[in-house]
Each structure stands twice: as structure tokens, then as C-alpha cells.
K.L.:
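First, the structure itself, so that you have it in front of you.
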Amino acid sequence: MDRQAVTVIGLGPMGTAMVNAFLDRGHPVTVWNRTASKADHLVARGAVQAATPGEALAAAELAVLSLTDYDAMYAILESATDALPGRVLVNLSSDTPEKTRAGARWVTERGAVHLSGGITVPPSGIGRPESSTFYSGPREAFESHRPTLEVLTGTDYRGEDPGLAALMYQIGMTMFWTSMLSYWQAIALADANGLKAADILAHATDTMTSMPGFLDFYAKRIDAGVHDGDVDRLAMGVASVEHVLHTHADAGVDTALPAAVVALFRRGMEAGHAADSFSSLVELMKKGRTA
């Protein structure tokens with residue numbers, strides 16, 4: 001069975017993992033990277049190294065971009081626009097939904113098809129069917145190239161709007177970075193009290209494992225516009241988060257993160273939500289509302 005030829009532009013850890021996955025499955029792969037030496041071990045495995053971005057694009061209908069952001073895409077492809085017509089660009093670079101939409105327009109205006117992607121796993125997850133990537137853009141192009149894209153990860157198509165994949169990715173990153181910072185905060189507090197990360201790992205894991213039930217419970221109420229204080233009240237939450245803040249201050253630990261949490265809770269109190277659920281804070285956070 002003939003495998004689809006693929007071009008991969010950008011050979012950081014993620015791009016390199018993608019090339020290896022394609023090679024493992026027998027796909028002819030052409031690569032280009034600004035630092036050419038990063039392709040050496042991939043060429044040794046059978047990839048073809050292009051001398052220019054234009055040459056790389058000309059080698060295959062399907063081109064996967066793994067770059068820092070969309071500014072990097074412009075910097076690389078502005079010298080290769082003659083090679084864009086007829087190509088399908090799958091941009092798996094991270095950026096904002098609005099910059100993604102602008103990038104999709106730029107690519108489309110130059111005769112290519114643009115699919116946006118948001119990979120939800122680190123490079124070690126590439127090549128695993130249980131991993132997942134969000135995609136958005138023209139459905140026909142996505143369906144046509146889905147078998148090849150599924151070499152990388154499972155696929156989750158979100159619609160024609162090119163910004164939707166980026167949005168879903170950034171939603172995940174919003175939760176990931178904040179959650180991991182909360183873990184670092186907990187480790188710092190533990191350390192100030194003579195405990196190691198390993199000493200609190202089981203407790204931290206149990207805490208994180210309990211979260212899906214909370215997410216499900218509050219999602220239904222928030223979508224229904226219900227912030228009744230029948231299960232919890234913001235006023236009680238303020239007392240709790242202030243205890244967290246004071247615990248860190250007493251231990252001499254950095255308080256920037258818990259202080260930010262307390263500030264948000266206090267804004268909710270000032271907006272008159274003392275008797276409501278702390279889920280009412282979401283209303284303050286929507287489009288920067290103050291009440």
C-alpha cells in the first residue's frame with residue numbers, strides 16, 4: 001500500500017517526533033528546518049532534506065508545520081509563496097485563535113488550503129492513537145487527509161472555523177498551566193514545612209483525581225445560569241482561600257498565586273455574590289465583567 005508523501009517544516013522536539021512517526025509508518029517525508037543540521041538523523045532514517053521552504057512544499061501536497069507561532073510561519077513561507085497553490089498546510093503551531101484565523105486567510109489568499117491543529121500531548125505522545133489533536137478548517141481537506149494525520153495522534157475535528165482548534169488548545173493550556181502552578185505552590189508550601197514533593201504526591205494525586213466530579217457538577221449549573229448557594233457559598237469560600245493565603249505567608253512562601261485567588265473572591269463579594277455559589281465568579285471573569 002502506497003503511503004502519502006508528507007512535508008514537515010520545523011524540526012523542534014515536536015516536529016522531529018512527527019517525522020519519526022511518519023517514517024515508522026512508511027510515509028515518504030521531506031523536511032526543512034532553519035538549522036539544517038537538525039535533520040541529519042532524520043535523513044539517516046530515510047527523510048529527504050529540502051534546501052529551501054519552497055522546495056519542501058513542492059515535494060508533497062500535504063505539508064505539516066510545527067513552528068513556535070504564526071509569525072514564524074510568515075517568516076518562513078513569505079519566500080515560498082510560489083509553491084503554495086494546490087498545497088494543504090496543516091499548521092500545528094501554537095497561537096491565539098485570532099492569529100490562527102488571520103494565518104488561515106493569508107494561506108488561502110495564496111492558493112493553499114489551511115487546516116489548524118492543536119496537539120494536546122507532548123512530543124512523547126506523538127504516534128500514539130490514544131493521544132489527540134484538535135483540527136478545524138475545511139472539512140473536505142480534513143477528511144481527505146485524516147488517515148495520514150492519524151499517524152500522529154487521534155483526531156478531533158471541531159468545525160470549519162480555523163480558530164476553533166486553537167481555541168480548544170488554549171482552553172486546555174489555560175487549565176494545564178494554572179493547575180501545574182497550583183502544584184508547584186503546594187510543593188513550595190510543603191518544602192517550607194520540611195516535606196518533599198514525594199511526601200505529598202499521593203495527596204496531590206487524590207485531589208486532582210477528584211476534580212472531574214466537580215467539573216461535571218458545576219458545568220451543568222453554569223450553563224443553566226444557576227449559582228444558588230445551596231451547596232456552597234462565596235462567603236465561605238473567601239474564608240477558605242484567605243486561610244490558604246495566610247498559611248503561605250506564615251511559612252514565608254511566595255504568595256502571588258494565592259493572593260490573586262483571594263483578590264478574585266473578594267471581587268465577587270463586592271459584586272454582591274456573598275450568598276451565591278463561588279461558581280458566580282465565572283460571571284465576573286466573562287469578558288472582564290466587574291459585576
Side-chain angles (χ1 to χ4, degrees), residues 1-31 33 38-39 41-48 56 59-68 87-95 97 100 104 113-177 179-180 205 208-209 211-212 215-216 219:
M1 177 180 175
D2 291 337
R3 300 289 185 179
Q4 182 180 23
V6 185
T7 286
V8 177
I9 294 178
L11 299 178
M14 186 65 78
T16 297
M18 292 177 190
V19 174
N20 281 319
F22 284 132
L23 291 173
D24 288 344
R25 294 288 291 273
H27 289 266
V29 184
T30 298
V31 300
N33 191 72
K38 287 190 175 182
H41 66 293
L42 298 171
V43 171
R45 289 203 62 205
V48 175
E61 176 192 0
L62 182 66
V64 176
L65 275 59
S66 180
L67 305 170
T68 303
R87 300 294 180 265
V88 176
L89 264 62
V90 181
N91 198 332
L92 300 179
S93 311
S94 172
D95 219 317
T100 300
V113 174
H114 184 281
L115 286 172
S116 310
I119 304 172
T120 65
V121 294
S124 60
I126 297 299
R128 299 174 181 268
E130 66 271 22
S131 300
S132 184
T133 299
F134 294 112
Y135 289 96
S136 62
R139 178 180 285 276
E140 183 178 353
F142 169 74
E143 294 295 346
S144 176
H145 297 287
R146 181 193 288 206
T148 301
L149 296 175
E150 287 183 341
V151 169
L152 303 178
T153 69
T155 58
D156 186 345
Y157 178 74
R158 287 288 166 156
E160 298 272 342
D161 176 355
L164 288 175
L167 174 63
M168 294 302 295
Y169 174 79
Q170 296 300 347
I171 286 172
M173 288 298 95
T174 296
M175 297 186 67
F176 174 80
W177 292 121
S179 297
M180 291 306 296
T205 300
M208 289 293 189
T209 302
M211 293 306 295
L215 301 183
D216 179 69

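Position 1 is the first residue of the sequence, and the numbers go up from there.
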K.L.:
For the CG atom of D95 and the OG1 atom of T100, what is their distance to the nearest 0.5 Å?
P.N.:
5.5 Å

K.L.:
Taking the side chain as everything from C-beta on, heavy atoms only, tell me whether T16 gets closer than 4.5 Å to K38.
P.N.:
no

K.L.:
Shortest non-hydrogen contact from P138 to V113?
P.N.:
CG-CG1, 3.9 Å

K.L.:
To the nearest 0.5 Å, what is the distance between CG on L115 and CG on L149?
P.N.:
7.0 Å

K.L.:
Between T133 and T153, is any side-chain donor less than 3.5 angstrom from a side-chain acceptor?
P.N.:
yes

K.L.:
Rounded to the nearest 0.5 Å, what's the gap from OH on Y135 to CD1 on I119? Could you check?
P.N.:
6.5 Å

K.L.:
Looking at CG of N33 and CG of L67, how far apart are the two atoms once the value is rounded to the nearest 0.5 Å?
P.N.:
8.5 Å

K.L.:
Counting only heavy atoms not in R128, do more than 12 fall under 6.0 Å of its CZ?
P.N.:
no

K.L.:
Do S116 side-chain atoms and P162 backbone N/O form a donor-acceptor pair below 3.5 Å?
P.N.:
yes

K.L.:
Please check if the side chain of S66 supplies one atom and the backbone of G10 the other of a donor-acceptor pair under 3.5 Å.
P.N.:
no

K.L.:
Check whether T7 reaches the backbone of A63 with its side chain - one donor and one acceptor, N or O, closer than 3.5 Å.
P.N.:
no

K.L.:
How far does CD of E61 sit from OG of S144, to the nearest 0.5 angstrom?
P.N.:
6.5 Å

K.L.:
What's the separation between atom CD in E140 and atom NE2 in H145, rounded to the nearest 0.5 Å?
P.N.:
9.5 Å

K.L.:
Only counting residues at least two apart or in another chain, list the ones meeting side-chain contact (heavy atoms from CB on, under 4.5 Å) with R45.
P.N.:
N20, L23, D24

K.L.:
How far apart are the closest heavy atoms of V151 and A21, and which atoms are they?
P.N.:
CG1-O, 3.5 Å

K.L.:
Would you say that L92 contacts M18 through its side chain, given a criterion of any heavy-atom pair below 4.5 Å between the two side chains?
P.N.:
yes

K.L.:
Shortest non-hydrogen contact from V31 to A39?
P.N.:
CG2-CB, 3.9 Å

K.L.:
So, applying side-chain hydrogen bond (donor to acceptor under 3.5 Å, both in side chains) with T148, which one of H27, Q4, R25 is it?
P.N.:
Q4

K.L.:
Taking all non-hydrogen atoms of both residues into account, name the closest pair between P123 and A17 and its distance.
P.N.:
O-CB, 3.7 Å

K.L.:
More than 12 non-hydrogen atoms from neighbouring residues, nucleotides or ligands closer than 6.0 Å to CE on M175, yes or no?
P.N.:
no

K.L.:
For Y157, enumerate each residue passing the ring pair (Phe, Tyr, Trp, His ring centres under 6.0 Å) test, keeping only those at least two apart in sequence or located in another chain.
P.N.:
F142

K.L.:
Ignoring hydrogens and angles, tell me if any N or O in the side chain of R3 forms a donor-acceptor pair with the backbone of P28 under 3.5 Å.
P.N.:
no

K.L.:
For a quick test of reading the model, state the closest non-hydrogen atom pair linking S136 to G163 and the distance between them.
P.N.:
OG-N, 4.1 Å

K.L.:
To check you understand the geometry: which heavy-atom pair defines the closest contact between M14 and V121, and what is its length?
P.N.:
CE-O, 3.3 Å

K.L.:
I would like to know whether F134 and L164 meet side-chain contact (heavy atoms from CB on, under 4.5 Å); could you show each step before the answer?
P.N.:
CA-CA 8 Å; F134 294 112; L164 288 175; over 6 Å; no

K.L.:
Return yes when atom CD of E130 has more than 12 non-hydrogen atoms of other residues, nucleotides or ligands closer than 6.0 Å, and no otherwise.
P.N.:
yes

